[in-house]
A.B. asks: 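Please read through the structure below; I'll follow up with questions.
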Number of protein chains: 2
Amino acid sequence: MKKQGEKIDIVSVSRLVGVSPATVSRAINHPDLVHPATRKKIDAAIRKTGYIRNRAAQTMHGRRSATIGLIVPTVDHAIFAEVVQAFSDAVSEEGFTVLLATHGYDLKTEYNVLRKLLEHRVDGVALIGLDHSADTYRLIEQQGVPALAIWSYAPDSPISSVGADNTEAGRVAAEHLVLLGHRRIGIVFPPTAENDRARARFEGATAAFAAVGIDVPVEWMGRSLYSIAQSKSVCLDLLRRSEPPSALLCGNDVIAQGAVSAAMTLGLNVPRDISIIGIGDFAGSADMMPALTTVRIPAGRIGSLAGRHLIDAIASPDSLNVVRTRLDVELMMRATTAPPKQR
Amino acid sequence: MKKQGEKIDIVSVSRLVGVSPATVSRAINHPDLVHPATRKKIDAAIRKTGYIRNRAAQTMHGRRSATIGLIVPTVDHAIFAEVVQAFSDAVSEEGFTVLLATHGYDLKTEYNVLRKLLEHRVDGVALIGLDHSADTYRLIEQQGVPALAIWSYAPDSPISSVGADNTEAGRVAAEHLVLLGHRRIGIVFPPTAENDRARARFEGATAAFAAVGIDVPVEWMGRSLYSIAQSKSVCLDLLRRSEPPSALLCGNDVIAQGAVSAAMTLGLNVPRDISIIGIGDFAGSADMMPALTTVRIPAGRIGSLAGRHLIDAIASPDSLNVVRTRLDVELMMRATTAPPKQR
DNA sequence: GAAATATATGAAAACATTTGCAAAACTATT
DNA sequence: AATAGTTTTGCAAATGTTTTCATATATTTC
């Protein structure tokens, strides 16, 4: 259906113009080094032949691959959607393309996809959070590839990071409930084993409760993955107990949405009968009914800042020092929290 | 911090083992062609040196790049999250890595990102839907790269496709409302100019209405991007009219969520006072309160099927025939639709 | 134990580009 | 018109790998 025969590479273009391949290369990569007239002829020939330069050859020569690796746990939920989009926009603007890989919250898989990205000689790599296997950290160090942790801030992170302080996010959520007067509080979180974001939030929250003498009994602690359906069923169990809590602090907005759904299913009025707070402020949280009170993590800003920082690191490979950027979280008081009912 | 000096390539590995580079290459790519003992020594050397093979060199040699381009309008919303994840999983399983690019619903940008992906010599490329610029189609044809349209099914698509019949989705939604007895119906859709999915749904719906003599007046036609907030404000306007419709057909679930939110804000009971139906069945639609009635587009199945089909097409470059795969849509009757109130 | 076959390895060309160096072609200065 | 300086171009080496072809070694068969 098409003439496969005519592969057009840089030398066929150069022949067409009557000039050396080197000049064509320069016309593309350093246009100011070639005579305007020649450049014009070359541009015309490129357009005419439909020549598309081969980045692989370029990469092989030792130049940049113009790709950046982005490794996220999943892209299936709202959680990372915004940060992935913002990051992708930021690096695309500088001519990079994103190599995307997901690991489904499995750190062993994460190591393997990192290897795969390195095979493609990505110019830099961004990971979510700071919980990674020792192998992963070793590989990054050993290959000397610019790396960046997105989403978490920690003053002692081993690699550069751009993110919010999740401990503070947990604390802010907890203090909001306390300030409203709640003392009988349940918390619903995802597994925290290989997830520093969730762990930090959990610790921030429980520390804040402990500081005012509130103790969360184990029967009010729910465990749910990032799924509305699962969270709903967990919260249903929790709220059906004879003495349910008056407020629920949820590890993120998805879990909180499940909690709201569970409460409404049981005929409870949110927030009159039960207060619910999330963390994250995902797209949609502001517009659900009732609007979700939550602690905002500025995903868009984190993503684009991360993209820019990583590109900076790539541009100046000499400065190998770790830079940590911390973005503020913000309490978004909306309609799912209120003072507890008098009883 | 690390010895940058020692770049480890295939020849340094081969030297360490005392064997030729060719043998190392074979040990990696065709292990059965090398003696077990040699292979073992090579594996050890690779592990010891931390050698990571260079796909760029491999690509340059004319082999596969082992990358697949995926171009979506956006990854920011729930809309494409599931399909992107499923697609990525499917192709990763076969050793490919995804080069992700977004164009923000702009077909000119789409053309440019396609070019960028071709520079990286992707082995195949997947696009969303069938509305693409003439330049885009020409480029695909001219470069002879296996291409696949995801998300739309059309019997006459110029390239292979895996998707649902969006016309039918629109029709199914419309007929559900008609069957319930609604005749005063509004519809809220995104711009349909460069979006064949939305256009087909719109046409399917209006055709179904016309077939039973229902005419949707222009003042009951809302236009909203895929944003809950925007949809809410559009629906608020629409529902505040003196004679509001008894049902709303929404272009997708995000818009429907905005509609539900608007209705509740106005103190209307969904579905008693107004029925609302979406299209898509995104994650979360089943669990919102009330649960959204919608027409299910099987995003996960579409994504993984698309991944597999594209890989098949890459594996057998000879068969250049177009194959079109059509997945069924399904009405998900949930809690946001009911017969109209007697009046 | 020789011949025939199968297995394992190496040498070298090929892939498409970039860039340091040198030569050539201009321009400016006297 | 000769010299010096600047701009533009070409040559050729280099990049890291794979694969074809040939050769060497091991295994089987008689």
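In what follows, chains carry the letters A, B, and so on, assigned in the order in which the sequence lines appear, proteins first and then strands, with residues in each chain numbered from 1.
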A.B. asks: Identify whether any heavy atom of B:T59 sits under 4.0 Å from a base atom; if not, whether one sits that close to sugar-phosphate; answer base, sugar-phosphate or nothing.
C.D. replies: nothing
A.B. asks: Return the value, rounded to whole Å, for the distance between atom CZ of B:R55 and atom P of C:dA16.
C.D. replies: 19 Å
A.B. asks: Can you tell me how far P of C:dT18 sits from CG of A:N54, to the nearest Å?
C.D. replies: 9 Å
A.B. asks: Can you confirm whether the side chains of B:D89 and B:S92 place a donor and an acceptor under 3.5 Å from each other?
C.D. replies: no
A.B. asks: To the nearest angstrom, how far is A:H120 atom NE2 from D:dT17 atom P?
C.D. replies: 14 Å
A.B. asks: Where the side chain of B:H35 is defined as all heavy atoms beyond and including C-beta, which of D:dG10, C:dT17, C:dT9 is the nearest nucleotide?
C.D. replies: C:dT9
A.B. asks: Rounding to an integer number of Å, can you tell me how far A:E119 CD sits from D:dG16 P?
C.D. replies: 16 Å
A.B. asks: In whole Å, what is the span from the CE atom of B:M60 to the P atom of D:dT19?
C.D. replies: 13 Å
A.B. asks: Assuming nearest nucleotide by heavy-atom distance, tell me which of B:A57 and B:P36 is located more 5' along DNA chain C.
C.D. replies: B:P36
A.B. asks: What is the distance from CZ of A:R63 to P of C:dG20, rounded to the nearest Å?
C.D. replies: 11 Å
A.B. asks: What ring-ring contact (aromatic ring centres under 6.0 Å, His included) pairs are there with at least one residue in residues 28-66 of chain B, not counting sequence neighbours?
C.D. replies: none
A.B. asks: Any side-chain donor-acceptor pair under 3.5 Å between B:T102 and A:Q85?
C.D. replies: yes
A.B. asks: If you check the A:T23 side chain, which of D:dG10, D:dG16, D:dT19 turns out closest?
C.D. replies: D:dG10
A.B. asks: What's B:R53 touching, base or sugar-phosphate or nothing? Going by heavy atoms closer than 4.0 Å.
C.D. replies: sugar-phosphate
A.B. asks: Assign each of A:L33 and B:H30 to its nearest nucleotide of DNA chain D by heavy atoms, then name whichever residue's nucleotide is nearer the 5' end.
C.D. replies: A:L33
A.B. asks: Ion pair present between A:D135 and A:R138, side-chain N to carboxylate O less than 4.0 angstrom?
C.D. replies: yes
A.B. asks: If you look at every strand shown and take non-hydrogen atoms under 4.0 Å, does B:H61 touch a base, only sugar-phosphate, or nothing?
C.D. replies: base
A.B. asks: Rounded to the nearest angstrom, tell me the gap between atom CD1 in B:I10 and atom C1' in D:dT19.
C.D. replies: 12 Å
A.B. asks: Closest-nucleotide mapping onto DNA chain C: is A:Q58 or B:P21 further toward the 5' terminus? I mean the 5' end.
C.D. replies: B:P21
A.B. asks: Determine whether the side chains of B:T59 and B:R121 contain a donor N or O and an acceptor N or O closer than 3.5 Å.
C.D. replies: no
A.B. asks: Measuring from the side chain of A:T38 (C-beta onward, heavy atoms only), which nucleotide among D:dT17, D:dC11, D:dT9 has the closest atom?
C.D. replies: D:dT9
A.B. asks: Between D:dC11, D:dT8, C:dT17, which nucleotide has the shortest distance from any of its atoms to the side chain of A:A22?
C.D. replies: D:dC11
A.B. asks: Just compare C:dT19, C:dT17, C:dT9 and give me whichever is closest to any side-chain atom of B:R26.
C.D. replies: C:dT9
A.B. asks: Measure from CD1 on A:I52 to P on C:dT17 and round the result to the nearest Å.
C.D. replies: 11 Å
